[in-house]
Structures are given as C-alpha cells and as structure tokens.
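Just so it is clear, the model here is predicted, and its values are computed rather than measured.
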Amino acid sequence: MPGPTLPRHPDRTDVPRRSDADSARRVTQKVLVTIVIGGVVYVLTNVLLPEDDGPWQLVLSVLCGGAVLLTQFMISFAHQLTDLKYVVEKRFADIGEATKLFNEVEKLRGDGVPRLAEHATKVVSTGPDILHDFAHEEINRLAAQMEDLTNLSAETPGENHDWLMTLTKCTRSSIDAISTTVVDDGFWSTEPASRYLTAQREAILERHITVRRLFIVKERGERAALAPICEEQRLMGIEVRVVALDQLPAHLRRGKMIDFIVFDGALSYEIHADQLSVNSSTTVNARADLVQPLIRRFDQLWDAAREQQSPNGQPDPDGLRALTNGQDPAGA
C-alpha cells in the first residue's frame, strides 16, 4: 500500500529547526514593524486633523499597531502549522515505509536478510572508507540482482561460478547440462570445476537428484579426448553422453549450440560466448516460455546421443547408421 502523499517542498528535504537567535530576530522585526506602523498612523492623524487634539490619535495608533502585530503573528503561526504538518506527514510516511519493510523482512526471517541488515550496519560504521564503499557496492549489486529476479531473469558479465554453485546447492530434483568444447576447453581441470563437480556429487548422494551432462563435439574424432572426463564424472554418479554434430541429422544441427543448464526443469543457466569464443555473459532465467525450449532441445540431443553410443558409453556404429537412415556418416 503506498504511503500518504506529502506536500511538495522542492527547495528542502526537511524543515530546518530555527535557532533561539533566529526566533529573537523575527520577534524584534515584528515589534519594529508594529512601532513604525503605529507611528505612521499617529503622524497621519495629527497632520490630517490638526484641530482635533485629544487622546484618540494615540489610541488609534496603538490599535493599528496592535492589529499589524497580531496579523504578523497569525501569518507566522500559519507557516509554522504548515511546517508542522509536513514534518508529521513525513514522519508517518517514514514509519509506514519502515513497517512495510519490517513486514517484508519478517517473511524472510528464516533466510539471511535480517543477518545481512545487521552486519551491513556494522560494516559501514567500522574500518576504513574503502571498506565502507566496498560494502555499499556489494549491497547495491545484490539489490539490483534481486530487482532483476522480480522479472524472473538476471544477467551478469562473464561466467558466474557463484551462481552455478548456489543453484546446484538449491536443486531438488534434476540438473540437465549441455557442455560444448568451445566453452569447456580446459574448464574441467580448473578449481571452479572441481568445486562444481563436488557439489553435484554431494547433491546426488545427499538429495538423490539426477544429473545428466551432454558433451557436444564437432566431429566424431573429438570424442576420444573427452573419455577421461566422462569416466570421472560417471564414477561420481553423473549420467554422461557425448554427441558429435557431424553425426546428427540436419534438423538437430540447426539452431544455436550454446552452453546451458536446466535446474529442476524450471530455471536455466545460460552461458553466452562472443565471436572470440570468450564467455561474455551469463543469464539465469525462470520464464517458462524460455526454459521449455531448452528442455526440449536437451531431450532431443540426449536421445540422439544415446543412438550414437553403446551401453558402455562408446560410439555405436549400428546406432549411427540407424540415426542417419542407414547411411554411414563416415562415408564407409
């Protein structure tokens, strides 16, 4: 629910408090104006009616001066009421926003949001300025990411291994991944890959999730180089298959061959490479209209890979001929 609408005060962010000296100066100004007005009235009455000598000129001067003084105080009081109204409405709006934020945080009591707020306030009050700036930048980055996820999608430059580890930790049922040699060249011997595989093995053993990985190579001869990687991952409980593009029928070779992972059949993690085959960005997406085509793409290629391999994971010439309508893809 939106908070109350405040009156616009474009030249201020809050009502400044007047000091005692300022208040005394304003009262002095009012008294001086009153004396001047009273004196002017007294002079005018004596000039216009010089023959009428009596106390009424003095009484009229005092009445006029008093009326001016009272008017000034009424105007000042009206301004103070306006300022007070603005302050009260602003405070109530702040209270409303704080209450709304507190209610939202209460929904996340079991998560790390209260802990984040508590430690963020501690960090920005201690240590050097660069630590404060770093903490603020991290908070802003996280806030921007949460804002993006309200649209069921988020993107980050390069490859985000933290997202990969977190999504693996959050998976409840399945992980389906397509890996291309263009992107994965040398990746599986790196430290991030080791942590990633360890997290997947823990997910398989502890939560009994299913992990399927499909390697895509350009030519059949490249399959042998993946044999050690495939064997290692199979020993971890990961279902692994390899498919060669030159052995696929034309309708399966069409379209982009990008690296992606589908978690729980509901969220995709996509790696986009630039023209130099460098990972330029990573996207997570939970929009069903974008995730479902990736699921269908994976299932089609997974089934095609089964046709290319024997039960022990090696190339199956008979399966290749069946997949290509009896033609030997090697030309034999």
Item to check | salt bridge (charged side-chain N to carboxylate O under 4.0 Å, His left out) assessment of D299 paired with R212 | outcome: CA-CA 10 Å; D299 289 340; R212 297 187 297 175; 3.5 Å; yes

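- At a threshold of 4.5 Å between non-hydrogen side-chain atoms, the residues V243 and Q247 do not count as touching.
- Considering every non-hydrogen atom in both G265 and I295, the closest pair reads O-CD1, 3.5 Å.
- In this structure, Y196 contributes its side chain and E191 its backbone to no donor-acceptor pair below 3.5 Å.
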Next on the checklist: Applying side-chain contact (heavy atoms from CB on, under 4.5 Å) to E270 and H272, what does each step give before you reach the verdict?
Outcome noted: CA-CA 6 Å; E270 304 171 37; H272 303 278; 3.5 Å; yes

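- Between the side chain of R234 and the main chain of V240, a donor-acceptor pair closer than 3.5 Å is present.
- For the pair S194 (side chain) and T190 (backbone), a donor-acceptor distance under 3.5 Å is absent.
- Side chains of N160 and T282: no donor on one and acceptor on the other come within 3.5 Å.
- Partners of F298 by ring-ring contact (aromatic ring centres under 6.0 Å, His included), not counting sequence neighbours, listed by chain and number: W302.
- No more than 12 heavy atoms of other residues, nucleotides or ligands shown are found within 6.0 angstrom of CD1 on I130.
- Placement of I261 and L149 within a single hydrophobic cluster is found when ILVMFWY residues are connected by side-chain heavy-atom separations under 4.5 Å, directly or transitively.
- Closest approach of L252 and A304 over heavy atoms only: CD1-CB, 3.8 Å.
- S268 and N285 share no donor-acceptor pair across their side chains, judged by distance under 3.5 Å alone.
- Residues T168 and F263 form a side-chain contact, since some pair of their non-hydrogen atoms from C-beta on lies under 4.5 Å apart.
- For N151, there are no side chain to side chain donor-acceptor pair (under 3.5 Å) partners two or more places apart in sequence or in a different chain.
- Taking each heavy atom of A199 and M165 in turn, the nearest pair found is CB-CE, 3.7 Å.
- Not counting sequence neighbours, the partners of E155 by the side chain to side chain donor-acceptor pair (under 3.5 Å) test are S281.
- By the 4.5 Å heavy-atom criterion applied to side chains, Q233 and F215 are counted as neighbours.
- In this structure, L197 and M236 have side chains that are in contact, with non-hydrogen atoms separated by less than 4.5 Å.
- Rounded to the nearest 0.5 angstrom, H136 NE2 and L131 CG are separated by 9.5 Å.
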Checklist entry - Run the side-chain contact (heavy atoms from CB on, under 4.5 Å) check on L142 and E138 step by step: do they pass? => result CA-CA 6 Å; L142 180 60; E138 285 297 293; over 6 Å; no

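- Contact of the Y269 side chain with the L164 side chain is registered, since non-hydrogen atoms from C-beta on lie closer than 4.5 Å.
- H132 and G127 make their closest contact through NE2-O, 3.1 Å (heavy atoms, listed as atom of the first residue, atom of the second, distance).
- By the 30° and 60° cut-offs, the orientation of the rings of F187 relative to H161 is parallel.
- Linking Ile, Leu, Val, Met, Phe, Trp and Tyr residues whenever their side-chain heavy atoms come within less than 4.5 Å places M146 and V284 in a single cluster.
- Within the 3.5 Å criterion, the main-chain N or O of V262 finds no donor-acceptor partner in the side chain of D176.
- The side-chain contact (heavy atoms from CB on, under 4.5 Å) search around E206 returns E202, not counting sequence neighbours.
- Within the model, atoms CD1 of I271 and CD1 of I258 stand 9.0 Å from one another, a figure rounded to the nearest 0.5 Å.
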Checklist entry - Given K122 and T126, is the side-chain contact (heavy atoms from CB on, under 4.5 Å) satisfied, shown in steps? => result CA-CA 7 Å; K122 291 180 181 179; T126 59; 5.6 Å; no

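- In this view, R172 satisfies the side chain to side chain donor-acceptor pair (under 3.5 Å) rule with no residue, not counting sequence neighbours.
- Of the possible polar contacts, one joining the D264 side chain to the S174 backbone as a donor-acceptor pair under 3.5 Å is found.
- Taking CG of L214 as the reference point, atom CD1 of I178 lies at 5.0 Å (rounded to 0.5 Å).
- Legend: residues meeting salt bridge (charged side-chain N to carboxylate O under 4.0 Å, His left out) with E231, ordered by chain and number and at least two apart, are absent.
- Around CD of E147, the count of heavy atoms belonging to other residues, nucleotides or ligands within 6.0 Å does not exceed 12.
- Residues Q200 and I175 share a closest heavy-atom pair of NE2-CG2, 4.0 Å.
- Considering CD of E232 and CG of L226, their distance stands at 12.0 Å, rounded to 0.5 Å.
- The minimum heavy-atom distance linking V242 with C230 is given by the pair CG2-SG, 3.6 Å.
- Here the OG1 atom belonging to T283 is positioned 13.5 Å from the CZ atom belonging to F260, to the nearest 0.5 angstrom.
- A donor-acceptor pair under 3.5 Å links the side-chain atoms of R207 to the main chain of T171, judged by distance alone.
- The closest side-chain heavy-atom distance from E239 to R213 is not below 4.5 Å.
- Taking the side chain as every heavy atom from C-beta outward, L245 and L248 approach each other to under 4.5 Å.
- Put simply, the side chain of R287 does not reach to within 4.5 Å of the side chain of V291, judged on heavy atoms.
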